[in-house]
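To keep things clear, I will list the structure first and then write my remarks on it.
So that the names make sense, note that chain A is the first sequence line, chain B the second, and so on, each numbered from 1.
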Amino acid sequence: ETEQQRYSELFSRCCPPPEAAAGGSSVGELFRASQLPPDTLHQITEVCGAKRVGYFGPAQFYIALKLIAAAQSGFPVRIESIKNELPLPRFMALKNDTEVRYGTPAELHGVKFQVPHATLEKNSYKRTDEGDKQVPKSPPVSPICSPPASPSTYQRIPLSYGYGKTRSGLEQQHGAPYEVRHSTHQQDGPSSGNYGAKSALTSSTPNRSLSVERELQDNNTHYSDDPWRITEEQRDYYINQFRSLQPDLNAFISGSVAKNFFTKSKLPIPELSHIWELSDVDCDGALTLPEFCAAFHLVVARKNGYQLPETLPETLLPEYLQAACLKPMRDCPLFDSYSEPLPGSQQTRDFGRTEKSSAEEVPDNSALKQDGKKDDKQAPKVSTPLKSIPKEFQHLTVKTAAQESNALKARPRSRSYSSTSIEDAMKKGEEPPTPPPRPQKSHSRASSLDLNKIFQQNTQAVRSGWLPPPPPALPPRSSVSQTELPAEVDLHPQMNRPPLQAEENSSAKKEVVLAQPPSKPARRKFRTEAQGLETPELSPTINVTSSLPAAKAHLPVQKQSSKQKRAIQTAIRKNKEANAVLARLNSELQQQLKEVHKERIALETQLEQLRPVTVL
Amino acid sequence: QNYPLYIRSVPTENELKFHYTVHTSLDVVDEKISAMGKALVDQRELYLGLLYPTEDYKVYGYVTNSKVKFVMVVDSSNTALRDNEIRSMFRKLHNSYTDIMCNPFYNPGDRIQSRAFDNMVNSMMMQVC
């Protein structure tokens, strides 16, 4: 019985949802900890059938443990060895092996309950998914790098609660040394697919910590064993990522945008393709919020060693997630208001900000109501994909128009460049149907958006939205940026800011995408620059316009050539995507045409039949 | 450049013969495409008059608007297959193909590796046989 107990403890350590399969990585570590030579371990794996099945189910795991015990006692690795009475397998390298044995039952709960009572706040934060972002003291670099090469640190990202359990267990027992270890992981971690929004989110750490603690307690109460169930923290994280790509939580992330985003996770393309297939349920080439959450969750699960399922698990279905998404979306306006104060610390003096946060909450609340109507939207979307895409973005424009009207009343100068972010997002969406009206929209000032969102939106918008007029736009942009100072008229600063903003963010984005170690400091530099810029923005308008471009004039100049190249690549991708959508539409139209043909043929045959009668 | 994006046969013996048949029938498909001017989508294309005494089969062809060709070889002894069914099968193939196209990770011209597509094709073939 002790054997059984021990084995089940170990198994649940390796794989917190007991009924699912143990991830290969954690199992591998456990085996290595048994200090057996690698070929013995290979043998064990083969014998226990894991290789055959591809994962460690409970049976395979127990057999493997038994074989380890056998090997450690000196018995050969064969099936027959299992029949002997063996001592429990020893796992030396696991430092807290003995402690774990005592503490394992507690640990199972400990992961949940100790979180609110964590002695070291840092420790507890580390164990939560966005815990990486929660650590204010650690360098901003570290929490940002989500997936380094070692799966261990990546596990902390959204799944540390369940999936990184061995790590979390270890962390729990040895707070300080593991913190050190993890911080070292983090520091050499910067090589990895960097989901750029994280850097922006670090600024919101103090405020988010409050909300996350709330969440943690929530999470404890409905923690599920299902690896395919998205926890609250994960969901919020995904929603933030979604928002970084697409400010309107009701709209879609287009295929190319999503592709770039998920490619950063460094999973092989066929797997990403499969993940897309699973998560894009309505097969429209775009991801709604629940679809995106599902896709992200699958990516994370895959990264942690879980095999991808053949069909989408029930808990990842969009309908399921949609119902669950309503709750976190309600929290989102709160988070927005939490995170907003940080980037604009001068907000308290800014009337427009408070007004706009209320204005933003209003659209978010309306977004909540519309979430329920999303099914309606999806239905027409299936039939007419092209038409509905502009409809979505028209919806977005309606919302931003409302925000704009609110903003115009207060006329805060510092928000003027946040306004352009919405416009850029709109531009991206409306690019295929209506290129001409777009430039005019850049003059409007609007919403109170987070600086975080500004950066990501603008980067996305720049990559796609500025594409149709790239040749004409680039020269005017550069000239505008150069000749910034004389611009005093109201319109001119607005015109300047969108290009500057776009360039700034395009360069920021480029750095994010290309190289991770330089990217993070660079992004921070941008952020500090942006924040530094916000302070002068409170001064009268003319000074602002001069200070802004002066600070950033050097940046756009350097980055234009690479930007052009990226623009071309983005254009190619976008064209491919448009091609796919058009092919789909085409096929649908052809089907309709076929049906009409059939009807026509039927009618003609009828006519033929009737004609001899009449002729006579 | 008529390289195959996807090829699958159910009775796995004589696969090569089916492959060969499919390849040769591509010529006929091209001929038909060039023949019809405006209507590009052709649902039923070939009834092979060349029937061997030992094996006889019908080859059906279908072309999408982006010049992607679907070729289906069915056994003539399977007389239960009517034209409508063939058409519906092609329609299903076409729908699955467009679903694949919607996947941003799929580059047009790649071999099709989608599991959903495989499943659909398998189920369809099981249904027929």
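- Of the possible polar contacts, one joining the A:E277 side chain to the B:A116 backbone as a donor-acceptor pair under 3.5 Å is found.
- A:E588 and B:N95 form no side-chain donor-acceptor contact under 3.5 Å, judged by distance and modelled atom types alone.
- Rounded to the nearest 0.5 angstrom, B:R115 CZ and A:S273 OG are separated by 9.5 Å.
- In terms of heavy atoms, B:T98 sits closest to A:A583 at CG2-O, 4.3 Å.
- When every heavy atom of B:P104 is checked against every heavy atom of A:S256, the shortest pair comes out as CB-N, 4.4 Å.
- The candidate from A:L593, A:I275, A:L272, A:I269 with the greatest count of non-hydrogen atom pairs under 4.5 Å with chain B is A:L272.
- In this structure, CE in B:M101 is found 10.0 Å from NZ in A:K576, a value given to the nearest 0.5 Å.
- Among the candidates B:D99, B:N119, B:I100, the residue making the largest number of heavy-atom pairs closer than 4.5 Å to chain A is B:D99.
- Atom NZ of A:K594 sits about 6.0 Å away from atom CZ of B:R91, to the nearest 0.5 Å.
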